[in-house]
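Naming: A, B, ... by sequence-line order, numbering from 1 per chain. Everything numeric here is computed off the predicted structure, so don't read it as measured data.
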Amino acid sequence: MRTDYCGELNKDNIDQTVELCGWVNRRRDHGGVIFLDMRDKRGIAQVVINPEHKKTFEIAEGVRSEFVLKITGKVIARGEGLINPKLATGEIEVVADEIEILNTSKPIPFQIDSTDTSEEVRLKYRYLDLRRDEMQQRLRLRSKVTHFMREFMDNNDFLDIETPFLTKATPEGARDYLVPSRTHPGEFFALPQSPQLFKQLLMMSGFERYYQIVKCFRDEDLRADRQPEFTQLDVETSFMDEDEIMAMMEEMTRGMFKSVIDVDLPAEFPTITYADAMSLYGVDRPDMRISMQITDMDELMQGVDFKVFSGPANDVESRVAALRVPGGATISRKNIDKYTKYVSIYGAKGLAYIKLNEDGPASPILKFLGDDVTAKVIEMTGAQTGDIIFFGADKTKIVNEALGNLREQLAKDLDLFDKQWAPIWVVDFPMFDVDGDGSLNAIHHPFTAPSVDAKTLESTADTALSRAYDLVINGSEVGGGSIRIHQVEMQQTVLKLLGISDDEAKDKFGFLLDALEYGCPPHGGMAFGLDRLVMIMTGTDSIREVIAFPKTQTAACLLTNAPASVPRKVLRELSVKVSLPEKD
RNA sequence: GGAGCGGUAGCUCAGCUGGUUAGAGUGCCUGCCUGUCACGCAGGACGUCGCGGGUUCAAAUCCCGUCCGCUCCGCCA
């Protein structure tokens with residue numbers, strides 16, 4: 001049917017008779033001569049129809065955008081001055097002998113080559129949106145990424161093993177997507193939030209190295225970088241410690257960036273502790289393309305006669321910190337107000353600042369701080385004339401989130417990125433975080449090994465560190481993993497600390513606890529968020545741009561109109577009764 | 001659950017201090033055109049102003065509610 005791809009024709013094809021199949025990207029009718037831009041998955045080529053071919057010409061007159069055609073014709077060189085440098089195939093064109101209309105097309109709802117169609121329309125007609133070159137490129141890149149991953153894992157003796165989608169609900173973590181069981185009335189499967197327990201069991205089964213590129217499901221609210229179903233490269237290995245696992249995953253990441261987008265990531269990724277990341281960058285996923293750091297001011301501000309600062313400085317649960325912004329003195333009053341509003345979404349009640357103008361420091365708070373403290377602030381932050389220093393003073397969590405996010409926002413607004421690519425490992429995460437009521441939650445997941453023995457863990461649970469690690473690239477968490485607990489006593493201790501009773505543990509994880517007792521090897525692993533990775537590699541700002549059929553923010557599909565109601569009969573078979581909340 | 005922005009022609013948008021017939025570009029249709037490549041020229045058709053209610057002599061415009069899309073907070077072990 002086809003001898004060549006439109007997008008691949010070049011001068012070497014001159015004088016050849018070719019058969020092309022594809023879509024009409026554009027038609028230009030000059031009355032006497034008609035041009036068709038034919039598009040296929042490799043690109044576009046111009047087809048010329050001359051009126052001498054009467055029948056062919058008549059067909060071409062009736063052709064419209066997005067008709068599917070088979071063209072038979074001869075490749076010729078374009079004449080002097082007719083070459084189109086904007087087109088990869090612009091040096092040649094195809095003179096049509098025959099046109100076969102393989103299918104017609106209604107006028108389409110938006111132009112394939114327009115770039116400003118609203119996302120709502122694009123998602124409704126996703127199959128048309130995906131015809132766009134941009135989308136074709138992104139999904140092609142995604143395929144190259146998964147291909148590289150599979151090749152790398154295979155070369156390193158990892159086995160691709162599938163795990164079930166119909167599985168059991170987990171007691172903590174994200175909300176589960178549930179599937180009613182017909183054969184067990186009143187009972188439900190849960191779709192996996194990740195294959196975590198299965199991949200650990202595979203280690204206990206002696207496969208030693210497992211991987212899978214697999215969908216995970218979490219029924220939580222969506223974001224630009226979060227979909228309810230998303231894809232992970234899931235990896236688990238026995239008999240490797242965290243340094244070995246990180247080194248191997250780093251090698252894969254480096255190779256992937258080189259091979260897929262020709263980017264050289266550093267020969268060794270830097271490592272930062274969670275505590276340092278929070279203190280210096282305010283977030284656990286620092287964007288290391290930005291050199292700005294947060295400077296701690298607790299000690300300096302403890303004695304100042306300014307309660308807004310001295311209060312938090314003297315409170316262990318609070319913090320005073322400063323962010324020096326190079327060249328920031330030009331930020332207008334209006335924009336400072338904008339940033340004040342910006343940090344307020346993280347709970348900050350204000351945004352104090354000092355501008356370093358030519359004629360010295362300027363700020364509404366100078367009179368409270370005094371000259372000595374002001375000078376110290378300038379010294380500690382390394383600020384220079386022309387800079388601005390922003391302050392956060394509040395609960396530590398609020399200060400970190402406010403200044404951490406402000407840092408990234410300022411970098412965007414003032415273009416303060418000094419690298420294009422900045423991977424970093426974040427390590428030494430705490431085991432638990434402490435709730436308001438004093439109860440503990442797993443920071444990673446309940447199967448993560450602590451860096452101390454069970455006995456020590458019990459006495460120092462609130463400060464204990466885990467053997468977890470995250471890979472962050474350009475401020476985006478693209479992967480994370482840990483060494484797992486492989487001894488039943490430790491697992492029981494952790495579950496106990498999390499407030500899970502023996503009975504509940506037995507009910508939910510009995511199979512895991514049993515398996516741990518039959519010769520479980522030390523093991524650990526990692527999972528990469530494929531969608532986020534591809535989002536970063538394609539330079540897009542939403543994972544919807546790298547997913548063929550994504551959901552909207554309300555977790556609906558505009559193409560299929562899922563989710564949808566089902567007939568009563570179907571519900572009865574499943575023993576499911578719908579009861580909607582009353583509306584007033 | 002909450003905050004903000006948006007919804008007007010197939011598409012992208014203007015109009016929104018209430019006022020007569022709701023516009024532009026593009027697409028579509030018709031005609032003309034033999035070298036265009038975002039072809040050009042001329043003409044034409046196309047509107048549930050998201051939906052429901054209210055205020056008013058009069059609502060795309062003001063008010064209330066609601067639905068949808070996007071960004072964010074909460075949430076996401």
Side-chain angles (χ1 to χ4, degrees), chain A residues 25-38 44-52 57 64-66 78-87 89-90 93 95 105-125 128-129 170-176 193-194 196-197 216-228 230 341-348 398 401-402 405 409 429 431-433 435 440-448 466 468 477 480 482 494-495 498 500 527 529 541-542 544 551-556 558 561 583-584:
Chain A
N25 201 60
R26 225 168 246 284
R27 169 175 169 276
R28 289 178 294 281
D29 185 347
H30 287 249
V33 61
I34 296 172
F35 298 99
L36 298 178
D37 290 342
M38 285 293 293
I44 287 174
Q46 173 164 282
V47 174
V48 194
I49 300 99
N50 291 309
E52 291 80 56
F57 193 80
R64 292 294 179 269
S65 288
E66 299 306 312
R78 293 211 193 178
E80 192 73 23
L82 299 179
I83 288 170
N84 183 355
K86 284 187 270 183
L87 208 58
T89 59
E93 61 189 1
V95 183
S105 170
K106 294 204 289 187
I108 52 172
F110 57 91
Q111 264 34 66
I112 296 293
D113 46 12
S114 86
T115 50
D116 61 353
T117 311
S118 70
E119 199 175 359
E120 204 170 345
V121 174
R122 289 175 56 205
L123 290 180
K124 181 170 176 191
Y125 300 98
L128 297 180
D129 185 46
T170 44
E172 47 179 322
R175 198 175 291 117
D176 286 312
Q193 296 178 26
S194 84
Q196 182 60 35
L197 293 178
C216 304
F217 306 88
R218 295 179 191 176
D219 186 6
E220 296 294 346
D221 285 343
L222 289 82
R223 289 287 188 280
D225 64 352
R226 263 165 40 191
Q227 286 270 305
F230 60 99
K341 201 172 168 193
Y342 177 73
V343 296
S344 76
I345 63 180
Y346 301 101
I398 290 173
E401 285 185 6
N405 286 291
Q409 188 59 46
F429 283 85
M431 250 327 252
F432 307 105
D433 67 9
D435 253 6
L440 298 177
N441 290 304
I443 292 244
H444 204 63
H445 56 57
F447 319 107
T448 300
S466 73
E477 187 206 320
S482 65
V494 169
L495 292 176
L498 289 170
I500 298 171
D541 49 16
S542 156
R544 295 187 300 276
K551 305 277 188 288
T552 65
Q553 196 160 48
T554 54
L558 295 179
N561 278 325
K583 288 205 171 171
D584 31 34

> Heavy atoms under 4.0 Å, any strand shown: does A:E119 hit a base, just sugar-phosphate, or nothing?
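Sugar-phosphate, no base atom in range.
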
> Only pairs with both distances under 3.5 Å count, Watson-Crick or wobble alike; so what is the partner of B:rA24 in this structure?
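Paired with B:rU12.
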
> Should the ring pair A:H30 and A:F35 be called parallel, tilted or perpendicular, given that the plane angle runs from 0 to 90° and is split at 30 and 60?
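Perpendicular, since the angle between the ring planes exceeds 60°.
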
> Just compare B:rC72, B:rC37, B:rC11 and give me whichever is closest to any side-chain atom of A:I345.
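Output: B:rC72.
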
> Using a 4.0 Å heavy-atom cut-off across all strands, classify A:I443 as base, sugar-phosphate, or nothing.
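A:I443: backbone/sugar contact only, no base atoms under 4.0 Å.
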
> Please give the distance between the C1' atoms of B:rA22 and B:rG74 as a whole number of Å.
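Pairwise C1' distance, B:rA22 against B:rG74, rounds to 42 Å.
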
> Does A:R544 place a side-chain N or O at less than 4.0 Å from the phosphate oxygens OP1/OP2 of B:rU71?
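So the side-chain polar atoms of A:R544 do come within 4.0 Å of the phosphate oxygens OP1 or OP2 of B:rU71, strictly under.
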
> Which class fits the ring pair A:Y346 and A:Y342: parallel under 30°, tilted 30 to 60°, perpendicular over 60°?
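If you compare the ring of A:Y346 with that of A:Y342, the planes turn out perpendicular.
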
> Return the pairing partner of B:rG31 with a 3.5 Å limit on both distances, Watson-Crick or G-U wobble; otherwise return none.
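With both distances under 3.5 Å, B:rG31 matches B:rC41.
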
> Between A:F230 (CZ) and B:rA77 (P), how many Å, whole number?
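Value for this atom pair: 8 Å.
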
> For B:rC41 and B:rC5, measure between their P atoms and round to the nearest Å.
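Pairwise P distance, B:rC41 against B:rC5, rounds to 41 Å.
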
> Rounded to the Å, how far apart are A:N405 CG and B:rU71 P?
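Computing the A:N405:CG to B:rU71:P distance gives 16 Å.
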
> Take atom NE2 of A:H30 and atom P of B:rC32, then tell me their distance rounded to the nearest Å.
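My rounded result for the distance is 15 Å.
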
> What does A:S194 touch in the nucleic acid at a heavy-atom separation under 4.0 angstrom: a base, only the sugar-phosphate, or nothing?
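Base contact.
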
> At under 4.0 Å, does any side-chain N or O of A:Q111 touch on OP1 or OP2 of B:rA38?
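Checking B:rA38 against A:Q111, no side-chain N or O comes under 4.0 Å of OP1 or OP2.
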
> Considering all heavy atoms of both residues, which atom of A:F110 and which atom of A:D129 are nearest to each other, and what is their separation?
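Heavy-atom minimum between the residues: CZ-N, 3.7 Å.
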
> Could you measure between the two C1' atoms, the one in B:rU30 and the one in B:rC70, and give it in whole Å?
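Straight-line distance between the two C1' atoms is 40 Å.
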
> Regarding A:D37 and A:R26, does a basic nitrogen lie under 4.0 Å from an acidic carboxylate oxygen?
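The answer is no: the pair does not qualify as a salt bridge.
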
> Which nucleotide wins on minimum distance to the side chain of A:P446, given the candidates B:rC11, B:rA77, B:rG35?
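The answer is B:rA77, which lies nearest to the side chain.
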
> In terms of side-chain geometry, is the basic nitrogen of A:E119 or A:R544 positioned less than 4.0 Å from the acidic oxygen of its partner?
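Salt bridge flag = yes for A:R544 with A:E119.
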
> Is the closest side-chain donor-acceptor distance between A:Q46 and A:N84 under 3.5 Å?
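A:N84 and A:Q46 do not have a side-chain donor-acceptor pair below 3.5 Å.
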
> On a heavy-atom basis, which atom in A:Q193 and which in A:C216 lie closest, and how many Å separate them?
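That would be O-CB, 3.2 Å.
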
> Take A:Q196 and A:A224, find for each the nucleotide of RNA chain B with the closest heavy atom, and name the residue whose nucleotide sits nearer the 5' end.
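Between the two, 5'-proximity favours A:A224.
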
> OP1, OP2 of B:rU12 versus side-chain N and O of A:S118: anything below 4.0 Å?
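Indeed, a polar side-chain atom of A:S118 lies that close.
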
> When rounded to the nearest Å, what value does the distance between C1' atoms of B:rG18 and B:rG27 take?
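So the two C1' atoms sit 33 Å from each other.
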
> How do A:G81 and A:K551 order along RNA chain B: which one's closest nucleotide is nearer the 5' end?
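Closer to the 5' end of RNA chain B: A:G81.
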
> In whole Å, measure the gap between the C1' atoms of B:rC49 and B:rC16 for me.
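One C1' to the other, the span is 11 Å.
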
> Would you please confirm or rule out a distance under 4.0 Å between OP1 or OP2 of B:rA77 and any side-chain N or O of A:R218?
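Yes, such a contact exists.
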
> Under 4.0 Å, heavy atoms only, any strand: does A:D116 hit a base, just the sugar-phosphate, or nothing?
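Result for A:D116 = sugar-phosphate.
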
> Quick check on B:rG69: is either OP1 or OP2 less than 4.0 Å from any side-chain nitrogen or oxygen of A:T554?
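Yes, A:T554 has a side-chain N/O under 4.0 Å of OP1/OP2 on B:rG69.
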
> Taking any heavy-atom pair under 4.0 Å as a contact, classify A:D219: base, sugar-phosphate, or nothing.
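No contact at all - A:D219 keeps every heavy atom at 4.0 Å or more from the nucleic acid.
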
> For B:rU36, does either OP1 or OP2 sit under 4.0 Å from a side-chain N or O belonging to A:R28?
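So the side chain of A:R28 is outside the cut-off, no N or O lying under 4.0 Å from OP1 or OP2 of B:rU36.
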
> Does A:T552 make a side-chain N or O approach to OP1 or OP2 of B:rG69 shorter than 4.0 Å?
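Yes.
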
> Over how many whole Å does the gap from A:E120 atom CD to B:rC67 atom P extend?
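After rounding, the reported distance stands at 15 Å.
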
> Which is true for A:L82 with a 4.0 Å heavy-atom rule: it touches a base, it touches only sugar-phosphate, or it touches nothing?
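Answer is base: heavy atoms of A:L82 come under 4.0 Å of a base.
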
> Stacking between A:F110 and B:rC11, defined as ring centres under 5.5 angstrom apart with planes under 30°, is that present or not?
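By the stated criterion, A:F110 and B:rC11 do not stack.
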
> When the P atoms of B:rC46 and B:rG23 are compared, how many Å lie between them, rounded to an integer?
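These two P atoms come out 13 Å apart once rounded.
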
> Once you apply a heavy-atom cut-off of 4.0 Å, does A:E477 come out as touching a base, just sugar-phosphate, or nothing?
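A:E477: no heavy atom of the nucleic acid under 4.0 Å.
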
> Just how far, in rounded Å, is P of B:rG35 from CG of A:L87?
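It is 19 Å, rounded to the nearest whole Å.
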
> Can you say whether a donor on the side chain of A:R226 sits under 3.5 Å from an acceptor on the base of B:rC76, or the other way round?
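When only heavy-atom distances are counted, A:R226 does reach the base of B:rC76 through a donor-acceptor pair under 3.5 Å.
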
> Checking contacts here: which listed nucleotide (B:rU34, B:rU36, B:rC73) is nearest the side-chain heavy atoms of A:Q46?
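Of B:rU34, B:rU36, B:rC73, B:rU36 is nearest to the side chain of A:Q46.
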
> Heavy atoms under 4.0 Å, any strand shown: does A:E80 hit a base, just sugar-phosphate, or nothing?
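The residue A:E80 makes no contact with any strand.
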
> Provide, to the nearest angstrom, the distance between the CD atom belonging to A:E220 and the P atom belonging to B:rA77.
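Taking CD of A:E220 and P of B:rA77, I get 7 Å after rounding.
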
> CG of A:D221 versus C1' of B:rU71: gap in Å, rounded?
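After rounding, the reported distance stands at 13 Å.
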
> So do A:D219 and A:P228 actually touch side chain to side chain, heavy atoms under 4.5 Å?
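Result no, sub-4.5 Å side-chain heavy-atom pair not found.
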
> Does B:rA3 have OP1 or OP2 under 4.0 Å away from a side-chain N or O of A:K341?
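For B:rA3, neither OP1 nor OP2 has a side-chain N or O of A:K341 closer than 4.0 Å.
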
> Quick one: the side chain of A:R223 and the base of B:rG74, do they pair up donor-acceptor inside 3.5 Å?
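By the distance-only test, yes, there is a pair.
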
> Using a cut-off of less than 4.0 Å, is there contact between a side-chain N or O of A:R78 and OP1 or OP2 of B:rC37?
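So the side-chain polar atoms of A:R78 never come under 4.0 Å of the phosphate oxygens OP1 or OP2 of B:rC37.
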
> Which nucleotide, B:rU71, B:rU34, B:rG74, lies nearest any side-chain atom of A:P51?
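Minimum distance to the A:P51 side chain belongs to B:rU34.
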
> Between A:D221 and A:R223, is there a salt bridge with N-O shorter than 4.0 Å?
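Between A:D221 and A:R223 there is no salt bridge, as every charged N stays at least 4.0 Å from the carboxylate O atoms.
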
> When rounded to the nearest Å, what value does the distance between P atoms of B:rC67 and B:rU21 take?
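The answer is 34 Å between these two P atoms.
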
> For B:rG35 and B:rA45, measure between their C1' atoms and round to the nearest Å.
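About 31 Å, rounded to a whole number of Å.
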
> What is the distance, to the nearest angstrom, from the CZ atom on A:R64 to the C1' atom on B:rU30?
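One finds 10 Å between C1' of B:rU30 and CZ of A:R64, rounded.
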
